[in-house]
Amino acid sequence: MSNCKVTAICNQKGGVTKTTTTANLGVGLAMEGKKVLLVDIDPQADLTTALGWPDSDALPMTLSDIMEKTIHDEEFGYYDAILKHDEGVDLIPASIELSGMEMSLVNAMSREFTLKSYLGMIKHEYDHIIIDCPPSLSMLTINALAAADSVIVPVQAQYLPAKGMTQLMRTIGKVRKQINPSLKVDGVLLTLADMRTNLARATADILRQQYGSTLKIYKTQIPIAVKAAEISAAGQSIFAYDKGSKVAQAYADFTKEVLADEARAKSKATRSR
Ligand code: ADP
Ligand code: MG
């Protein structure tokens, strides 16, 4: 079995920092010595832009090419699309062409498993693969959830985040039943938190009330900060762009939490064997 863990960063709501979290968790893990691949499966290609490739349509090969070739069972170089970022992470870029993928997938055999089937070819090269999902519960998101071992859900720390969560949890439940029985929800990350208010704590309480005490809410909260918003244009992670800032510290703490959970899960699995 591969030791690579595949995580989807998922929430059908836009603007909850899925992309920012993918980039910074990815670089955070790379800084901890992990081999990391980030996958941009959003046709908006925000992750690709944020990591320094704003003109993704000009790239020779992107995820939509990979998925097309996988659907049609064509031969291709599995590593051809992979870009290398200065901060030690690999990236499979997206482009607007991905928006047409929805139609190609409709008629594809095993359409839910296209991404999983491709990642299966390369995952032995990595410790972590992190997929940045689009803001929808489309077939692209289903492909991400089918390929993933677990999901991390970034949620904006505010009242009423729970509404959209119900739909997401229902989708995850359906995916579990029908296509990926071992899919786990690793946890909810509270983001864009205004540390001067208690809103983050109130949000956590609401989420626990609605989704049960079993839903993990990460201890780390990502504070709201102007500099953090700037990185989407800077091509850098928060660790490079605003080293020593509260947001950089928060993403470092979050990375450690993710690694600690993983170590705990692994030792549990070994003990129960
Ligand atoms: P999503 O991928 O869920 O749509 P993004 O990662 O694109 O969310 O983030 C939404 C917006 O919030 C972007 O403009 C981003 O630059 C900004 N942003 C991300 N993190 C922070 C933060 N900690 N503080 C303030 N703004 C942030
Ligand atoms: Mg995004």
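FYI, side chains are in, hydrogens and waters are out, and symmetry mates aren't considered; it's all heavy atoms of this structure. In listed order, ligands and their atoms are each counted from 1.
Evaluated for a side-chain contact (heavy atoms from CB on, under 4.5 Å) with L38, the options V27, D90, V89 yield exactly one hit, V89. In summary, of the residues considered (D261, V188, V185, I152), a side-chain contact (heavy atoms from CB on, under 4.5 Å) with K216 occurs for D261 alone. Partner of D40 under the side chain to side chain donor-acceptor pair (under 3.5 Å) criterion, out of T49, T62, T48: T48 alone. No option in L47, I130, T20, T19 other than I130 meets the side-chain contact (heavy atoms from CB on, under 4.5 Å) test with I9.
The protein heavy-atom contact nearest to atom 23 (N) of ligand 1 is P223 O, 2.8 Å. In this structure, the protein non-hydrogen atom closest to atom 19 (C) of ligand 1 is T20 OG1, 3.2 Å. Looking from atom 25 (C) of ligand 1 to the surrounding protein, the closest heavy atom is A225 O, 3.1 Å. Residue, atom and distance of the protein heavy atom nearest to atom 27 (C) of ligand 1 are L192 CD2, 3.5 Å. For atom 4 (O) of ligand 1, the closest non-hydrogen atom on the protein side is G15 N, 2.8 Å. Considering only non-hydrogen protein atoms, atom 8 (O) of ligand 1 sits nearest to T17 N, 2.9 Å. From the protein, the heavy atom lying nearest to atom 7 (O) of ligand 1 is T19 CB, 4.0 Å.
Residue contact annotation: T22 places no N/O/S atom under 2.8 Å from the Mg ion (ligand 2).
Rounded to the nearest 0.5 Å, atoms CG (N3) and NZ (K35) are 12.5 Å apart. If you take CG on N143 and OG1 on T114, they are separated by 5.0 Å, rounding to the nearest 0.5 Å.
Ligand 1 has no atom lying under 4.0 Å from any heavy atom of P154. Assignment of D46 to the shell around ligand 1 is not supported, since no heavy atom sits closer than 4.0 Å.
In this structure, D186 pairs ionically with K5, as a charged nitrogen and a carboxylate oxygen lie closer than 4.0 Å.
Shown in contact with G14 at under 4.0 Å from a heavy atom are these atoms of ligand 1, numbered in order with element: 4 (O). Close approach to A228 involves these atoms of ligand 1, each under 4.0 Å from a residue heavy atom: 21 (C), 22 (C), 23 (N), 24 (N). Shown in contact with V16 at under 4.0 Å from a heavy atom are these atoms of ligand 1, numbered in order with element: 1 (P), 3 (O), 8 (O). Within ligand 1, counting atoms from 1 as listed, the ones closer than 4.0 Å to a heavy atom of I224 are 24 (N), 25 (C).
Taking a distance limit of 4.0 Å, we find that atom 1 (P) of ligand 1 is approached by some protein heavy atom. There is no protein heavy atom less than 4.0 angstrom from atom 13 (C) of ligand 1.
Ligand 1 has no N or O atom lying under 3.5 Å from any N or O atom of V226, backbone or side chain. For ligand 1, one of its N or O atoms has an N or O atom of K18 under 3.5 Å away. Taking distance alone, with nitrogen or oxygen atoms compared against 3.5 Å, S232 approaches ligand 1 more closely than that limit.
Aromatic rings of Y251 and F239 (six-membered ring for Trp) have centroids beyond the 6.0 Å cut-off, not under it.
Using a 4.5 Å cut-off on side-chain heavy atoms (C-beta onward), S104 and M67 make no contact. Using a 4.5 Å heavy-atom cutoff, the side chains of M169 and L215 are in contact. In this structure, the side chains of Q12 and T141 stay at 4.5 Å or more apart for every pair of heavy atoms.
Closest approach of S64 to M101, counting heavy atoms only: O-CE, 3.4 Å.
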